[in-house]
Amino acid sequence: SCGSGEPAGTAGQTAGATTATPRIAAVIKGLDNPFFQTMKQGIDEQAKASGVQVTVQAANAITDTTGQADKLDGLAGQDFSCYVVNPISGTNLVQGLAKLSALGKTVVNIDSPVDAKAAESAGVKPATYIGTDNAEAGAMAGRRMGELLRGGGQVAVVGGIAGDVTSGARVEGFQKGVPANIKVVQTVAANWERQAALTAATDLMRAHPELKGFFVANDDMGLGVARAVANSGKAGQVKVISVDGIKDALEAVKAGTLDGTVAQYPYAIGLMGVEACQAAAAGKPLPPNVKAPVEMVTKDNADQALAATPKPFGEYDDPFKALIQ
Amino acid sequence: MSIAARLKDPALWAEWAALVGLIALVIVFQALNPTFLSPGNIASMLVAAAILIILAIGQTFVIATAGIDLSIASVMTMGAVAFGLSYTAGWGLGTACLLAVAAAGVAGAVNGVIIAWGKIADFIVTLGMLSAASGLALILADGKPVTIVDPVLLRLSTGGLGIFGWTFLIALAVAVIAHVVLFHTRFGTHLLATGGAPESAAAMGISTRRIKIAVYSISGALAGLGAILLVARVGAAEPASNTSFLLNSVAAVVLGGVSLFGGRGTIVGPVLGALLLTALVNGLTLLGVAQFYQPLAVGIVVVLAALMTRFQK
Amino acid sequence: MSIAARLKDPALWAEWAALVGLIALVIVFQALNPTFLSPGNIASMLVAAAILIILAIGQTFVIATAGIDLSIASVMTMGAVAFGLSYTAGWGLGTACLLAVAAAGVAGAVNGVIIAWGKIADFIVTLGMLSAASGLALILADGKPVTIVDPVLLRLSTGGLGIFGWTFLIALAVAVIAHVVLFHTRFGTHLLATGGAPESAAAMGISTRRIKIAVYSISGALAGLGAILLVARVGAAEPASNTSFLLNSVAAVVLGGVSLFGGRGTIVGPVLGALLLTALVNGLTLLGVAQFYQPLAVGIVVVLAALMTRFQK
Amino acid sequence: MNAPTDEDVLLDCRDVSLTFGSVRALVDVSITARRGEITALVGDNGAGKSTLVRCVSGIHRPDGGRILFDGEGTAFHSPEDARDAGIETVHQNLALVEDLTVWQNLFLNREIVRRFGPVALLDRRAMQARAREMVSALAVNVPEVRSRVRRLSGGQRQAVAICRATGFSSKLVIMDEPTAALGVQETARVEELIVRLRDEGHAVLLISHNFAQVMRLSQQVWVMRAGRRVGGRRTAETSGEEIVGLITGAIEN
Amino acid sequence: MNAPTDEDVLLDCRDVSLTFGSVRALVDVSITARRGEITALVGDNGAGKSTLVRCVSGIHRPDGGRILFDGEGTAFHSPEDARDAGIETVHQNLALVEDLTVWQNLFLNREIVRRFGPVALLDRRAMQARAREMVSALAVNVPEVRSRVRRLSGGQRQAVAICRATGFSSKLVIMDEPTAALGVQETARVEELIVRLRDEGHAVLLISHNFAQVMRLSQQVWVMRAGRRVGGRRTAETSGEEIVGLITGAIEN
Ligand SMILES: Nc1ncnc2c1ncn2[C@@H]1O[C@H](COP(=O)(O)OP(=O)(O)OP(=O)(O)O)[C@@H](O)[C@H]1O
Ligand SMILES: Nc1ncnc2c1ncn2[C@@H]1O[C@H](COP(=O)(O)OP(=O)(O)OP(=O)(O)O)[C@@H](O)[C@H]1O
Ligand SMILES: [Mg+2]
Ligand SMILES: [Mg+2]
């Protein structure tokens, strides 16, 4: 029987028994992006609050699929009981996870999902998935763009690195979300760089003088695009919406230079990832699929969002809270 | 040599690859889209090219000594973070600028000292610095961008004289000074000698070590200047890696006709190379080339620009 | 030369920089964390190093002729996409593997032909190919990854003999063949002559053009082999660029004591260099070095590894 | 020795011209070299001697004129063609690969291989042994054949380049100032070697600034000045003074 | 000429030794060179002559022994120190920078500048004009001083290197086989130049394989064999045969 009520000190003493305090290893995406830093903050703060140990490793860059796999392999050889993973692509961590599943370790999948087909064939069984739907976030931005440009018009899309999965999902979602009277005239790749986005946006406004808005695949680039709009004297005429909800972007929304950001809450994702490990350690059955909160931040609610950041400002559903109480 | 004879000299054409390529590119783009040569677009291209021009000049000094500075982009990132920290600490714009250049210059000097005294390949040392500088930038900035709102910086990045933005004019001034240093000072001659035949240069009493340290310091300091322009341009100091600047800076130099084996060089060439690369991306965007086709087009045009000069003969 | 005299020769130490660095690194990591040398961890390090080893060997051939293949990583990406497309089209694993190697080999041959016949700098041509190949990969795959579930590939990437995974054994076989080609065939000698003194080689009747085309084709084909292992490892053919492989492949070669100026080379060196770089990242992860400090640590260790050999003397 | 006949002519350059940018390095140069003879080519620095040699050995392609070898018109597209046709050259810059060893340089593009089915592997032992023989026949301070050429003294390098050109049977051996950096003993040995080559029926084209040597060894002397061939003499019928006069322009042909 | 005294000794090498790996290039070599004299250094290929010269001019640092210059013990840490002390050298490999022009090579690290406050700019005109003078004094086919050294013929390069070493007043001029690649006329001019240097009171250290030249020009001959100094003679008191005997080892000192 599981000793959820037992004191932590004695829990791990019988070999094979589940321990009440899990030893957690987390592998997340690129470290040069504030989004994943906030995710790490969520993981760290929840760990600290509940007194569990956690080691967090990140890939060198958002494209470093094999490097991330190497890091997971490095951690897999060590004595952790629960692994929180945010894979860069659907399959790049499958090999390492297969090894972990074979050893009976708990795998908690956050943010980007592990490819279901590949997971099944390799025998990987994530205990739970916690994440946001990037396509849905893009669609929210698309709907918001529709509200801002009631009369319709031309918009352009600034994506991350060409071929990047996250960028692709957000952009596709946006295209599905915008009403029919808004036309996406061009999509460019700005490599997740603010400077590159600024240059691209300047060029795009020149190529399409009628341009009414930009959808930008993340906030950092979004701030660059907003700057390009301001530089060319079109502030207010050309709308800019981006995704992520980092602090600088919330402030820009408040100041009106950015017309909206779809805030995803990596903090909450990271936090719930640790909670999931705790719940699993306590022997509780985990819900297979947990939706992390997503909010559309506009000038109206920017103050609220800023006050709460990096936590979500609205209510959201956290099924793990109850399990580890 | 007579002018006719000079025109037959393939070395001349190699040096002017970038100019020939640039002119051809301008003609094609202008034919396809007349906005290309509108004053507004020229102005924004020149401003967009400014940082790359400055980095390419720093890279030219290093490459002329048969070295390569792989750390140039991440040293710029580090310089930007140094700027951001001192600015937000309230030390004023001037101090922040000085600190950015100083921090980047020191990183360059460290490259130079290790290469000259440790006798390790330039590639390895600057690769190490590429990693170390971006690590330092992340640590110092705690991984977060710092928004910087400063009226002077804003004017710097948006104002100018006619179609020439201030940042482009700064880059131009750097180019002129660099040209004088390379071709009209003893240092410049010694630099080319060090690159072309280090043993002969040493036999003539030139301290090749001092030259190496100097060029890497120059490259670092110019990366610092680039950092200031970058912060002015995007309005924030970010620890993000600017990897595209690295390859582009070397590409501009090589397109500009400077051999990676050192000993020869121009400043005009790399400047034109930087303009070529900037115009290329601008033109492709203006023409509405689909995003997946852009890298393909860039690749083909870069090779064609270099190839073109071969058929001139 | 006597053994004592050989040990005094700095050139010897330069060639073994990677080995000395690797041993030092292993000692330090093992002292700090005993899991480092556990069979499981060694096995996963070797598997993780396999792709890099293969790319570094391809890069060595190119660098030994005083060239550089900047397109190696994106040609690998293109090879992976070619693999993915033909596999999902149901052409079978064998055909897909062949196609991946062929597509990448052709891209390499194109590099070689343009460099040899167009007489353009290696850097520019392969930079162009870097861009063009990643563009092609994006176009072919329509920017989306293709998941590939194949039992053979899965066994390839997870199975092995003892602590030696299949992929590592493949890399080892490639290394042995490459060593024989470089040091025990006429082609190898001609390659080194072309790199060391192209004019002398040409005067002796060696077709330096053919050599250039051959080395780039080899580099491309090995990138294709790398693509197959990559698809096996990450379980998908992705069109996104693998930029870190580019700099790491060159770094492994240079750490392995091969000069970027051509004419000299070993195969053991770059293999050890690749192992060093892999062990470094693995060790830092095991030690739980905080995220932002990792790039800094990598930079310092890479320079130290190269520097270490200087003090041996 | 019999009187030379036209059939003995192995190399026949006719009106060869070559211009580099504005420098007219060769202007309608015609010379011949006969089998079983040592033909000397003399002239001041920058007269165009090496340039002519580089045309014959396939490095440069002349702008005008023809080069006949062994009776046939040639159009060597590369040094490989020239070597295959039977022309070996000691270039003035020696054309050694500094980073390769002495034996690798000696056998460059003439490597000895052992076949194992489809693969041909280098026979390093055989080449090293043969290289040791070749070098010790010429040099006094014999360099270790496994050391890299970078380490050798000026004269040792020259000896290696001479060994290479003479070690493989060929119809014509061209030597561009072969003894310039050699010591007394080495020079004597090289001169012996040149005479032996002639006696074996090879043609030798020798460029030298050393008149005593030219008069001692050659049967025919061609003189160049500022890119032109300004004279030709049978050695037996001329004197050192006449040759010097031709070189300096004191004597017009 | 007066009998040489010890005060005339400008360069005094005492027991200089240097080993490269397993090659003992110099073993306890002692030689002197006097002001107002031409001192010759002869020996077979690989005897160690160039290595000794490289020690004196600061490129190598000897493993053992001392080098006195102008009465003072020296420890040249670099060629710069040696040049500053007044030693100019024509190296056997010429030490030219191929990608620089003739005039840039001539004035390398001796550039003429014009000061404008804190900045010193090159005076290209002055250097080119002076370079033209210097080269035309020596070479017959005078190369254009603005052409790159890469383009020059073997002899033209050597002329440039000699001009550089002799164009700046210095106490000791070392010439490592200066006339090896030169034509008759150029050789004559260089010999005149060497004599003039001596007559002006400079010391000249000349390495040459040309005995006629050595006997004609020098006052003192030092002979090296296999890294050792095996003999020294006043030129007036010896003969070519004796020197050859010393070089080959037929005569023991
Ligand atoms: N590649 C080149 N480009 C331009 N000029 C050249 C080139 N090669 C040679 N020259 C010029 O052609 C002329 C003839 O040179 P060449 O080397 O044939 O002289 P040479 O007779 O061999 O002299 P030396 O006795 O000094 O070796 C010289 O003036 C030289 O500067
Ligand atoms: N850097 C080096 N490394 C190893 N060995 C060297 C090096 N430099 C010279 N040697 C060796 O030292 C010996 C003396 O060489 P040095 O160049 O001094 O001869 P030299 O008397 O000048 O001959 P030459 O008349 O041919 O120029 C030679 O055997 C040479 O191989
Ligand atoms: Mg010549
Ligand atoms: Mg010598």
Side-chain angles (χ1 to χ4, degrees), chain D residues 20-23 25 42-51 91-94 138-144 147 151-160 176-177 179-189 207-214 224-227 240 243-245 247-250, chain E residues 20-23 25 42-51 91-94 138-144 147 151-160 176-177 179-189 207-214 224-227 240 243-245 247-250:
Chain D
F20 296 112
S22 60
V23 181
V42 298
D44 263 321
N45 294 129
K49 305 180 296 296
S50 300
T51 306
H91 289 281
Q92 192 170 14
N93 64 10
L94 305 183
L138 266 194
V140 176
N141 288 337
V142 182
E144 162 61 48
S147 59
R151 302 285 175 77
L152 303 190
S153 81
Q156 288 170 332
R157 284 164 195 233
Q158 197 152 27
V160 171
D176 195 348
E177 308 194 20
T179 60
L182 294 188
V184 229
Q185 304 188 67
E186 284 87 353
T187 303
R189 293 196 194 179
I207 297 180
S208 176
H209 288 301
N210 181 339
F211 286 120
Q213 190 176 62
V214 168
M224 290 190 66
R225 188 168 72 236
I243 301 291
V244 171
I247 291 176
T248 58
Chain E
F20 296 112
S22 60
V23 180
V42 297
D44 262 321
N45 294 131
K49 305 180 295 298
S50 299
T51 306
H91 289 282
Q92 192 169 16
N93 63 12
L94 305 184
L138 266 193
V140 176
N141 288 336
V142 182
E144 162 61 48
S147 60
R151 302 286 175 77
L152 301 190
S153 81
Q156 288 170 332
R157 285 165 195 232
Q158 196 152 28
V160 171
D176 195 349
E177 309 193 19
T179 59
L182 293 188
V184 228
Q185 303 188 69
E186 284 86 355
T187 303
R189 292 196 194 177
I207 297 179
S208 176
H209 288 301
N210 181 339
F211 287 120
Q213 188 176 61
V214 167
M224 290 189 66
R225 188 168 72 237
I243 299 291
V244 172
I247 291 177
T248 58

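Below, read A as the first sequence line, B as the second, and so on, with proteins coming before strands; counting in each chain starts at 1. Just so you know, these numbers come straight off a predicted model, no measurement behind them.
H209(E) contributes atom NE2, which lies 10.0 Å from atom OG1 of T179(D) (distance to the nearest 0.5 angstrom).
Annotation: maximal heavy-atom pairing with chain D below 4.5 Å, among A180(E), G48(E), A212(E), occurs at A180(E). Heavy-atom pairs under 4.5 Å with chain E were tallied for A159(D), S147(D), G46(D); the largest tally goes to G46(D).
Only the side chain of E177(D) comes within contact range of chain E, with at least one heavy atom under 4.5 Å from a heavy atom of that chain. In this structure, no portion of F20(D) lies under 4.5 Å from any heavy atom of chain E. The part of Q92(E) that comes within reach of chain D is its side chain, from C-beta onward, which places non-hydrogen atoms under 4.5 angstrom from that chain. Proximity to chain E (any heavy atom under 4.5 Å) is shown, for S50(D), by neither the backbone nor the side chain.
The shortest distance between side-chain heavy atoms of E186(E) and D44(D) falls below 4.5 Å.
Not a single donor-acceptor pair under 3.5 Å links the side chain of N45(D) to the backbone N or O of Q156(E).
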